[in-house]
There are 2 protein chains.
Amino acid sequence: MATPLPRDPIADARLNWERHGWSDVAAPMAAITAIMRTQQLLLARIEGVLKPFGLTFARYELLALLSFARSGALPMNKASALLQVHPTSVTNAVDRLQQAGLVLRSPHPTDGRTTLIELTPEGRTLAKRATAALNSEVFAQSGFAEQDVDQLIRILGTFRRNAGDFSDEPARAEWPDHH
Amino acid sequence: MATPLPRDPIADARLNWERHGWSDVAAPMAAITAIMRTQQLLLARIEGVLKPFGLTFARYELLALLSFARSGALPMNKASALLQVHPTSVTNAVDRLQQAGLVLRSPHPTDGRTTLIELTPEGRTLAKRATAALNSEVFAQSGFAEQDVDQLIRILGTFRRNAGDFSDEPARAEWPDHH
DNA sequence: GCAATATACTAGGACATCCAAGGGTTTGGA
DNA sequence: TCCAAACCCTTGGATGTCCTAGTATATTGC
(Lines give C-alpha, C1' and ligand atoms only; values in the text may rest on other atoms or scores of the structure.)
Protein backbone atom coordinates (compact mmCIF):
# COMPACT_ATOMS: atom_id res chain seq x y z
CA MET A 1 0.00 0.00 0.00
CA ALA A 2 1.34 3.38 -0.98
CA THR A 3 1.60 6.43 1.18
CA PRO A 4 -1.78 7.94 2.06
CA LEU A 5 -2.84 10.76 -0.19
CA PRO A 6 -2.99 14.17 1.45
CA ARG A 7 -6.61 14.55 0.34
CA ASP A 8 -9.55 12.25 -0.27
CA PRO A 9 -9.65 11.73 -4.05
CA ILE A 10 -13.35 10.91 -3.95
CA ALA A 11 -14.17 14.09 -2.07
CA ASP A 12 -12.18 15.92 -4.72
CA ALA A 13 -14.11 14.23 -7.50
CA ARG A 14 -17.31 15.32 -5.81
CA LEU A 15 -16.09 18.92 -5.75
CA ASN A 16 -15.24 18.67 -9.42
CA TRP A 17 -18.74 17.44 -10.16
CA GLU A 18 -20.24 20.34 -8.24
CA ARG A 19 -17.99 22.85 -9.97
CA HIS A 20 -19.20 21.59 -13.34
CA GLY A 21 -22.84 22.08 -12.45
CA TRP A 22 -23.65 18.45 -11.72
CA SER A 23 -24.45 19.05 -8.06
CA ASP A 24 -27.62 17.03 -8.29
CA VAL A 25 -25.68 13.82 -8.92
CA ALA A 26 -22.42 14.63 -7.17
CA ALA A 27 -23.34 12.85 -3.95
CA PRO A 28 -24.50 9.57 -5.55
CA MET A 29 -21.39 9.65 -7.72
CA ALA A 30 -19.25 9.94 -4.61
CA ALA A 31 -21.14 7.16 -2.83
CA ILE A 32 -20.84 4.79 -5.78
CA THR A 33 -17.17 5.56 -6.28
CA ALA A 34 -16.59 4.95 -2.57
CA ILE A 35 -18.25 1.55 -2.86
CA MET A 36 -15.94 0.62 -5.72
CA ARG A 37 -12.86 1.66 -3.79
CA THR A 38 -13.97 0.01 -0.55
CA GLN A 39 -14.55 -3.24 -2.37
CA GLN A 40 -11.03 -3.05 -3.74
CA LEU A 41 -9.59 -2.52 -0.26
CA LEU A 42 -11.63 -5.30 1.30
CA LEU A 43 -10.83 -7.73 -1.48
CA ALA A 44 -7.11 -7.09 -1.08
CA ARG A 45 -7.37 -7.68 2.66
CA ILE A 46 -9.32 -10.90 2.19
CA GLU A 47 -7.01 -12.24 -0.49
CA GLY A 48 -4.07 -11.54 1.76
CA VAL A 49 -5.54 -13.73 4.47
CA LEU A 50 -6.48 -16.50 2.05
CA LYS A 51 -3.19 -16.62 0.20
CA PRO A 52 -1.44 -18.88 2.78
CA PHE A 53 -4.23 -21.40 2.20
CA GLY A 54 -3.70 -21.34 -1.54
CA LEU A 55 -7.16 -19.88 -1.99
CA THR A 56 -8.56 -16.85 -3.72
CA PHE A 57 -11.80 -15.20 -2.66
CA ALA A 58 -13.69 -16.72 -5.56
CA ARG A 59 -12.52 -20.22 -4.68
CA TYR A 60 -13.13 -19.66 -0.98
CA GLU A 61 -16.70 -18.53 -1.61
CA LEU A 62 -17.42 -21.70 -3.52
CA LEU A 63 -15.78 -23.86 -0.87
CA ALA A 64 -17.75 -22.14 1.90
CA LEU A 65 -20.99 -22.49 -0.01
CA LEU A 66 -20.43 -26.21 -0.40
CA SER A 67 -19.53 -26.60 3.25
CA PHE A 68 -22.94 -25.25 4.22
CA ALA A 69 -24.82 -27.59 1.91
CA ARG A 70 -25.95 -30.53 4.03
CA SER A 71 -24.78 -33.06 1.48
CA GLY A 72 -21.60 -31.15 0.75
CA ALA A 73 -22.55 -31.09 -2.91
CA LEU A 74 -24.31 -28.66 -5.24
CA PRO A 75 -25.15 -28.50 -8.95
CA MET A 76 -22.93 -26.04 -10.76
CA ASN A 77 -25.85 -23.92 -11.94
CA LYS A 78 -27.11 -23.67 -8.38
CA ALA A 79 -23.71 -22.52 -7.18
CA SER A 80 -23.62 -20.00 -9.99
CA ALA A 81 -27.01 -18.62 -8.96
CA LEU A 82 -26.23 -18.47 -5.26
CA LEU A 83 -22.81 -16.90 -5.72
CA GLN A 84 -24.33 -14.64 -8.37
CA VAL A 85 -21.50 -15.02 -10.81
CA HIS A 86 -21.40 -16.16 -14.41
CA PRO A 87 -21.44 -19.94 -14.95
CA THR A 88 -18.04 -19.77 -16.61
CA SER A 89 -16.61 -18.30 -13.45
CA VAL A 90 -17.81 -21.34 -11.52
CA THR A 91 -16.30 -23.63 -14.14
CA ASN A 92 -13.02 -21.81 -13.70
CA ALA A 93 -13.10 -22.03 -9.90
CA VAL A 94 -14.08 -25.69 -9.90
CA ASP A 95 -11.27 -26.53 -12.32
CA ARG A 96 -8.72 -25.09 -9.93
CA LEU A 97 -10.27 -26.45 -6.75
CA GLN A 98 -10.49 -29.87 -8.34
CA GLN A 99 -6.86 -29.72 -9.37
CA ALA A 100 -6.03 -28.91 -5.75
CA GLY A 101 -8.05 -31.91 -4.59
CA LEU A 102 -10.56 -29.80 -2.67
CA VAL A 103 -13.64 -30.65 -4.70
CA LEU A 104 -14.60 -33.17 -7.34
CA ARG A 105 -17.17 -33.32 -10.10
CA SER A 106 -19.76 -36.06 -10.16
CA PRO A 107 -22.65 -36.68 -12.54
CA HIS A 108 -26.14 -35.73 -11.42
CA PRO A 109 -28.13 -38.89 -10.63
CA THR A 110 -31.16 -37.98 -12.75
CA ASP A 111 -30.26 -35.06 -15.00
CA GLY A 112 -27.51 -35.81 -17.50
CA ARG A 113 -26.91 -32.14 -18.19
CA THR A 114 -26.04 -31.30 -14.64
CA THR A 115 -22.70 -31.70 -12.86
CA LEU A 116 -22.50 -31.86 -9.08
CA ILE A 117 -19.62 -30.26 -7.25
CA GLU A 118 -18.67 -32.27 -4.22
CA LEU A 119 -16.49 -31.29 -1.31
CA THR A 120 -13.63 -33.66 -0.51
CA PRO A 121 -12.57 -34.18 3.12
CA GLU A 122 -9.52 -32.02 2.40
CA GLY A 123 -11.78 -29.34 0.99
CA ARG A 124 -14.00 -29.39 4.05
CA THR A 125 -11.03 -29.07 6.39
CA LEU A 126 -9.51 -26.23 4.43
CA ALA A 127 -12.84 -24.40 4.30
CA LYS A 128 -13.02 -24.58 8.08
CA ARG A 129 -9.52 -23.26 8.57
CA ALA A 130 -9.89 -20.50 6.01
CA THR A 131 -13.17 -19.40 7.53
CA ALA A 132 -11.59 -19.23 10.98
CA ALA A 133 -8.81 -17.06 9.56
CA LEU A 134 -11.22 -14.71 7.80
CA ASN A 135 -13.39 -14.45 10.89
CA SER A 136 -10.54 -13.44 13.15
CA GLU A 137 -8.43 -11.42 10.75
CA VAL A 138 -11.03 -9.66 8.63
CA PHE A 139 -14.59 -9.82 9.89
CA ALA A 140 -13.71 -9.35 13.56
CA GLN A 141 -11.70 -6.28 12.62
CA SER A 142 -13.82 -5.00 9.79
CA GLY A 143 -13.10 -1.35 10.40
CA PHE A 144 -16.79 -0.52 10.58
CA ALA A 145 -18.56 0.63 13.72
CA GLU A 146 -21.26 -1.72 14.90
CA GLN A 147 -24.17 0.54 14.03
CA ASP A 148 -22.58 1.30 10.66
CA VAL A 149 -22.53 -2.41 9.90
CA ASP A 150 -26.29 -2.47 10.44
CA GLN A 151 -26.70 0.57 8.23
CA LEU A 152 -24.68 -1.03 5.45
CA ILE A 153 -26.67 -4.24 5.61
CA ARG A 154 -29.91 -2.32 5.44
CA ILE A 155 -28.88 0.14 2.70
CA LEU A 156 -27.16 -2.41 0.48
CA GLY A 157 -29.87 -4.99 1.09
CA THR A 158 -32.50 -2.60 -0.20
CA PHE A 159 -30.33 -1.77 -3.18
CA ARG A 160 -29.73 -5.39 -4.05
CA ARG A 161 -33.37 -6.27 -3.79
CA ASN A 162 -34.31 -3.35 -6.06
CA ALA A 163 -31.59 -4.38 -8.48
CA GLY A 164 -33.28 -7.76 -8.84
CA ASP A 165 -30.91 -9.93 -6.85
CA PHE A 166 -33.66 -11.52 -4.81
CA SER A 167 -37.33 -11.05 -4.09
CA ASP A 168 -38.12 -12.10 -0.56
CA GLU A 169 -39.04 -9.88 2.32
CA PRO A 170 -36.52 -9.52 5.12
CA ALA A 171 -36.77 -12.53 7.44
CA ARG A 172 -38.59 -15.56 6.21
CA ALA A 173 -37.67 -19.13 5.48
CA GLU A 174 -38.42 -21.45 2.62
CA TRP A 175 -36.37 -23.49 0.25
CA PRO A 176 -37.72 -23.44 -3.28
CA ASP A 177 -37.39 -25.55 -6.37
CA HIS A 178 -36.44 -28.97 -5.15
CA HIS A 179 -37.03 -30.23 -8.70
CA MET B 1 -29.07 -10.73 -14.78
CA ALA B 2 -30.85 -13.98 -14.09
CA THR B 3 -34.18 -14.43 -12.39
CA PRO B 4 -34.20 -13.02 -8.86
CA LEU B 5 -33.48 -15.57 -6.19
CA PRO B 6 -36.36 -16.35 -3.87
CA ARG B 7 -34.17 -15.54 -0.89
CA ASP B 8 -31.31 -13.19 -0.12
CA PRO B 9 -28.16 -15.32 -0.33
CA ILE B 10 -26.25 -12.95 1.94
CA ALA B 11 -28.92 -13.12 4.63
CA ASP B 12 -28.68 -16.90 4.33
CA ALA B 13 -24.92 -16.78 4.71
CA ARG B 14 -25.38 -14.70 7.83
CA LEU B 15 -27.75 -17.32 9.26
CA ASN B 16 -25.21 -20.01 8.47
CA TRP B 17 -22.55 -18.04 10.32
CA GLU B 18 -24.80 -17.70 13.34
CA ARG B 19 -25.71 -21.37 13.30
CA HIS B 20 -22.03 -22.27 13.42
CA GLY B 21 -21.41 -20.16 16.47
CA TRP B 22 -19.80 -17.21 14.70
CA SER B 23 -22.52 -14.76 15.69
CA ASP B 24 -19.97 -12.19 16.77
CA VAL B 25 -18.71 -11.74 13.21
CA ALA B 26 -21.84 -12.66 11.25
CA ALA B 27 -22.98 -9.07 10.78
CA PRO B 28 -19.64 -7.69 9.52
CA MET B 29 -19.36 -10.72 7.24
CA ALA B 30 -22.77 -9.89 5.78
CA ALA B 31 -21.92 -6.22 5.38
CA ILE B 32 -18.64 -6.94 3.64
CA THR B 33 -20.20 -9.53 1.35
CA ALA B 34 -22.93 -7.04 0.50
CA ILE B 35 -20.33 -4.47 -0.47
CA MET B 36 -18.68 -6.98 -2.80
CA ARG B 37 -21.96 -7.83 -4.47
CA THR B 38 -23.13 -4.22 -4.72
CA GLN B 39 -19.88 -3.28 -6.41
CA GLN B 40 -20.44 -6.04 -8.93
CA LEU B 41 -23.95 -4.79 -9.71
CA LEU B 42 -22.88 -1.16 -9.99
CA LEU B 43 -19.91 -2.01 -12.17
CA ALA B 44 -22.13 -3.97 -14.57
CA ARG B 45 -24.55 -1.06 -14.77
CA ILE B 46 -21.77 1.44 -15.42
CA GLU B 47 -20.07 -0.70 -18.04
CA GLY B 48 -23.39 -1.10 -19.81
CA VAL B 49 -23.72 2.65 -20.13
CA LEU B 50 -20.11 3.11 -21.24
CA LYS B 51 -20.06 0.31 -23.80
CA PRO B 52 -21.63 2.41 -26.61
CA PHE B 53 -18.76 4.85 -26.17
CA GLY B 54 -16.19 2.12 -26.52
CA LEU B 55 -15.09 2.72 -22.94
CA THR B 56 -14.71 0.56 -19.87
CA PHE B 57 -14.93 1.94 -16.35
CA ALA B 58 -11.17 1.83 -15.91
CA ARG B 59 -10.60 3.82 -19.09
CA TYR B 60 -13.41 6.22 -18.29
CA GLU B 61 -11.97 6.96 -14.86
CA LEU B 62 -8.64 7.88 -16.37
CA LEU B 63 -10.28 10.01 -19.05
CA ALA B 64 -12.39 11.81 -16.45
CA LEU B 65 -9.39 12.40 -14.22
CA LEU B 66 -7.49 13.97 -17.09
CA SER B 67 -10.44 16.13 -18.05
CA PHE B 68 -10.39 17.70 -14.60
CA ALA B 69 -6.69 18.46 -14.72
CA ARG B 70 -6.38 22.07 -15.83
CA SER B 71 -3.67 21.26 -18.33
CA GLY B 72 -5.42 18.10 -19.48
CA ALA B 73 -2.28 16.15 -18.70
CA LEU B 74 -0.97 14.13 -15.75
CA PRO B 75 2.11 12.07 -15.00
CA MET B 76 1.32 8.36 -15.01
CA ASN B 77 2.41 7.90 -11.42
CA LYS B 78 0.10 10.71 -10.34
CA ALA B 79 -2.81 9.09 -12.15
CA SER B 80 -1.96 5.78 -10.50
CA ALA B 81 -1.99 7.39 -7.06
CA LEU B 82 -5.21 9.33 -7.59
CA LEU B 83 -7.09 6.41 -9.11
CA GLN B 84 -5.56 4.17 -6.46
CA VAL B 85 -4.72 1.38 -8.82
CA HIS B 86 -1.47 -0.37 -9.62
CA PRO B 87 0.85 1.43 -12.05
CA THR B 88 0.61 -1.46 -14.50
CA SER B 89 -3.15 -0.96 -14.64
CA VAL B 90 -2.60 2.60 -15.75
CA THR B 91 -0.11 1.46 -18.37
CA ASN B 92 -2.73 -0.94 -19.65
CA ALA B 93 -5.48 1.70 -19.78
CA VAL B 94 -3.23 4.27 -21.44
CA ASP B 95 -2.18 1.74 -24.09
CA ARG B 96 -5.78 1.22 -25.11
CA LEU B 97 -6.86 4.84 -24.84
CA GLN B 98 -3.87 5.85 -26.92
CA GLN B 99 -4.73 3.25 -29.54
CA ALA B 100 -8.22 4.78 -29.66
CA GLY B 101 -6.74 8.24 -30.12
CA LEU B 102 -8.18 9.56 -26.86
CA VAL B 103 -4.91 10.25 -25.08
CA LEU B 104 -1.26 10.41 -25.99
CA ARG B 105 2.00 10.01 -24.14
CA SER B 106 4.51 12.82 -24.00
CA PRO B 107 7.83 13.07 -22.20
CA HIS B 108 7.99 15.03 -18.99
CA PRO B 109 9.82 18.32 -19.61
CA THR B 110 12.25 17.95 -16.71
CA ASP B 111 12.10 14.37 -15.43
CA GLY B 112 13.23 11.80 -17.97
CA ARG B 113 11.67 8.97 -16.01
CA THR B 114 8.18 10.38 -16.13
CA THR B 115 5.63 10.09 -18.92
CA LEU B 116 2.75 12.53 -19.20
CA ILE B 117 -0.66 11.38 -20.31
CA GLU B 118 -2.35 14.01 -22.38
CA LEU B 119 -5.96 14.26 -23.40
CA THR B 120 -6.61 14.69 -27.12
CA PRO B 121 -9.53 16.84 -28.30
CA GLU B 122 -11.38 13.61 -29.15
CA GLY B 123 -10.65 12.32 -25.67
CA ARG B 124 -12.00 15.45 -24.06
CA THR B 125 -15.18 15.33 -26.10
CA LEU B 126 -15.76 11.67 -25.37
CA ALA B 127 -15.16 12.21 -21.66
CA LYS B 128 -17.86 14.89 -21.65
CA ARG B 129 -20.36 12.71 -23.44
CA ALA B 130 -19.65 9.66 -21.32
CA THR B 131 -19.96 11.67 -18.13
CA ALA B 132 -23.31 13.04 -19.23
CA ALA B 133 -24.51 9.51 -19.88
CA LEU B 134 -23.31 8.23 -16.52
CA ASN B 135 -24.85 11.18 -14.72
CA SER B 136 -28.27 10.67 -16.22
CA GLU B 137 -28.37 6.89 -16.48
CA VAL B 138 -26.51 5.81 -13.34
CA PHE B 139 -25.87 8.49 -10.77
CA ALA B 140 -29.26 10.21 -11.14
CA GLN B 141 -30.94 6.84 -10.63
CA SER B 142 -28.52 5.33 -8.18
CA GLY B 143 -31.11 3.30 -6.34
CA PHE B 144 -30.06 4.77 -3.00
CA ALA B 145 -32.26 7.06 -0.91
CA GLU B 146 -30.83 10.50 -0.43
CA GLN B 147 -30.05 10.10 3.25
CA ASP B 148 -28.57 6.67 2.56
CA VAL B 149 -26.18 8.26 0.11
CA ASP B 150 -24.96 10.52 2.90
CA GLN B 151 -24.63 7.54 5.22
CA LEU B 152 -22.59 5.64 2.65
CA ILE B 153 -20.27 8.55 2.05
CA ARG B 154 -19.73 8.96 5.78
CA ILE B 155 -19.29 5.26 6.60
CA LEU B 156 -17.09 4.41 3.65
CA GLY B 157 -15.14 7.63 4.01
CA THR B 158 -14.23 6.72 7.57
CA PHE B 159 -13.30 3.23 6.48
CA ARG B 160 -11.09 4.42 3.65
CA ARG B 161 -9.32 6.92 5.86
CA ASN B 162 -8.63 4.24 8.48
CA ALA B 163 -7.44 1.90 5.75
CA GLY B 164 -4.78 4.45 4.82
CA ASP B 165 -6.23 5.81 1.60
CA PHE B 166 -5.83 9.42 2.63
CA SER B 167 -5.06 11.46 5.70
CA ASP B 168 -7.02 14.66 5.67
CA GLU B 169 -9.93 15.49 7.92
CA PRO B 170 -13.48 15.37 6.59
CA ALA B 171 -14.24 18.42 4.48
CA ARG B 172 -17.44 19.30 6.26
CA ALA B 173 -16.46 18.86 9.88
CA GLU B 174 -19.04 17.83 12.39
CA TRP B 175 -16.23 17.28 14.85
CA PRO B 176 -14.56 19.94 16.94
CA ASP B 177 -12.17 21.89 14.81
CA HIS B 178 -8.49 22.22 15.53
CA HIS B 179 -6.83 25.03 13.68
C1' DG C 1 32.37 13.13 -9.09
C1' DC C 2 30.78 8.63 -8.72
C1' DA C 3 28.61 4.75 -6.73
C1' DA C 4 24.42 3.28 -4.23
C1' DT C 5 19.73 3.94 -3.69
C1' DA C 6 15.22 5.45 -5.09
C1' DT C 7 11.76 6.33 -8.55
C1' DA C 8 9.09 5.69 -13.08
C1' DC C 9 7.41 2.96 -16.47
C1' DT C 10 6.85 -1.48 -18.98
C1' DA C 11 6.91 -6.60 -20.02
C1' DG C 12 5.26 -11.09 -18.78
C1' DG C 13 2.45 -14.08 -15.94
C1' DA C 14 -1.40 -15.54 -12.83
C1' DC C 15 -6.36 -14.93 -11.82
C1' DA C 16 -11.00 -13.52 -12.18
C1' DT C 17 -15.04 -11.84 -14.79
C1' DC C 18 -17.90 -11.53 -18.64
C1' DC C 19 -19.61 -12.71 -23.41
C1' DA C 20 -20.30 -15.65 -27.51
C1' DA C 21 -20.52 -20.01 -29.31
C1' DG C 22 -20.68 -25.06 -29.38
C1' DG C 23 -22.11 -29.81 -28.08
C1' DG C 24 -24.85 -32.84 -25.17
C1' DT C 25 -29.42 -33.65 -22.56
C1' DT C 26 -34.24 -32.84 -21.46
C1' DT C 27 -38.62 -31.07 -22.11
C1' DG C 28 -42.77 -30.01 -24.38
C1' DG C 29 -45.89 -29.09 -28.10
C1' DA C 30 -47.43 -30.57 -32.86
C1' DT D 1 -43.69 -40.10 -31.41
C1' DC D 2 -40.44 -36.67 -32.66
C1' DC D 3 -38.15 -32.48 -33.42
C1' DA D 4 -37.49 -27.73 -31.87
C1' DA D 5 -36.68 -25.01 -27.94
C1' DA D 6 -34.73 -24.71 -23.46
C1' DC D 7 -31.17 -25.82 -20.36
C1' DC D 8 -26.32 -27.07 -18.63
C1' DC D 9 -21.59 -26.94 -18.92
C1' DT D 10 -17.21 -25.93 -21.31
C1' DT D 11 -14.00 -23.66 -24.52
C1' DG D 12 -11.93 -19.57 -26.38
C1' DG D 13 -11.38 -14.62 -26.37
C1' DA D 14 -11.32 -9.89 -24.38
C1' DT D 15 -10.48 -6.95 -20.25
C1' DG D 16 -8.86 -5.61 -15.83
C1' DT D 17 -6.12 -6.24 -11.55
C1' DC D 18 -2.16 -7.48 -9.16
C1' DC D 19 2.78 -9.13 -8.65
C1' DT D 20 7.63 -9.72 -9.97
C1' DA D 21 11.34 -8.37 -12.55
C1' DG D 22 13.91 -5.47 -15.72
C1' DT D 23 15.40 -1.02 -17.87
C1' DA D 24 16.11 3.80 -17.66
C1' DT D 25 16.58 8.14 -15.20
C1' DA D 26 17.21 10.97 -10.69
C1' DT D 27 18.74 11.76 -6.32
C1' DT D 28 21.68 11.05 -2.37
C1' DG D 29 25.69 10.36 0.15
C1' DC D 30 30.55 9.72 0.63
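Everything quoted here is computed from the prediction, not taken from an experiment. We name chains A, B, ... by the order of the sequence lines, and we start the count at 1 in each one.
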Is there a side-chain contact between [X] and the phosphate of [N], meaning an N or O under 4.0 Å from OP1 or OP2?
X	N	value
A:Arg59	C:dA16	yes
A:Arg96	C:dA14	no
B:Thr56	D:dT15	no
B:Thr91	C:dT10	yes

When only distance counts, do a donor and an acceptor, one from the side chain of A:Thr88 and one from the base of D:dC9, lie under 3.5 Å apart?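 No such pair is found, so the answer is no.
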Polar side-chain contact B:Thr114-C:dC9 base: donor and acceptor under 3.5 Å: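 Side chain to base: no pair present.
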Taking the basic N atoms (NZ, or NE/NH1/NH2) and the acidic carboxylate oxygens, is any pair closer than 4.0 Å for A:Arg161 and B:Asp8?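 Not counted as a salt bridge, because no side-chain N and carboxylate O are separated by less than 4.0 Å.
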Rounded interatomic separation in angstrom, taking CZ from A:Phe57 and C1' from D:dC18: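 Interatomic distance, CZ of A:Phe57 to C1' of D:dC18: 17 Å.
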Whole-Å gap separating P (D:dC18) and CD (A:Glu47):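 Computing the A:Glu47:CD to D:dC18:P distance gives 11 Å.
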Given DNA chain C, 5'-ward residue of the pair A:His86 and A:Asp111, judged by closest heavy atom: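 Between the two, 5'-proximity favours A:His86.
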Students often get this wrong, so: under 4.0 angstrom with heavy atoms, is [X] touching a base, only sugar-phosphate, or nothing?
X	result
A:Thr115	sugar-phosphate
A:Gln40	sugar-phosphate
B:Thr110	sugar-phosphate
B:Asn92	base

Check every atom of D:dC9, C:dT17, C:dT10 against the side chain of A:Ala58 and return the nucleotide holding the closest atom.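 Side chain of A:Ala58 sits closest to C:dT17.
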Of A:Leu97, A:Thr91, A:Val90, the residue whose pairing with A:Val94 passes side-chain contact (heavy atoms from CB on, under 4.5 Å):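 With A:Val94 as partner, A:Leu97, A:Thr91, A:Val90 yield a single side-chain contact (heavy atoms from CB on, under 4.5 Å), made by A:Val90.
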Would B:Lys51 and B:Glu47 count as a salt bridge (charged side-chain N to carboxylate O under 4.0 Å, His left out) if you check the C-alpha gap in whole Å, the side-chain angles of each, and the deciding distance to 0.1 Å? CA-CA 6 Å; B:Lys51 197 178 187 85; B:Glu47 301 253 314; over 6 Å; no
Apply side chain to side chain contact (heavy atoms under 4.5 Å, CB included) to A:His20 and B:Phe68, showing your working. CA-CA 10 Å; A:His20 281 73; B:Phe68 290 124; 3.3 Å; yes
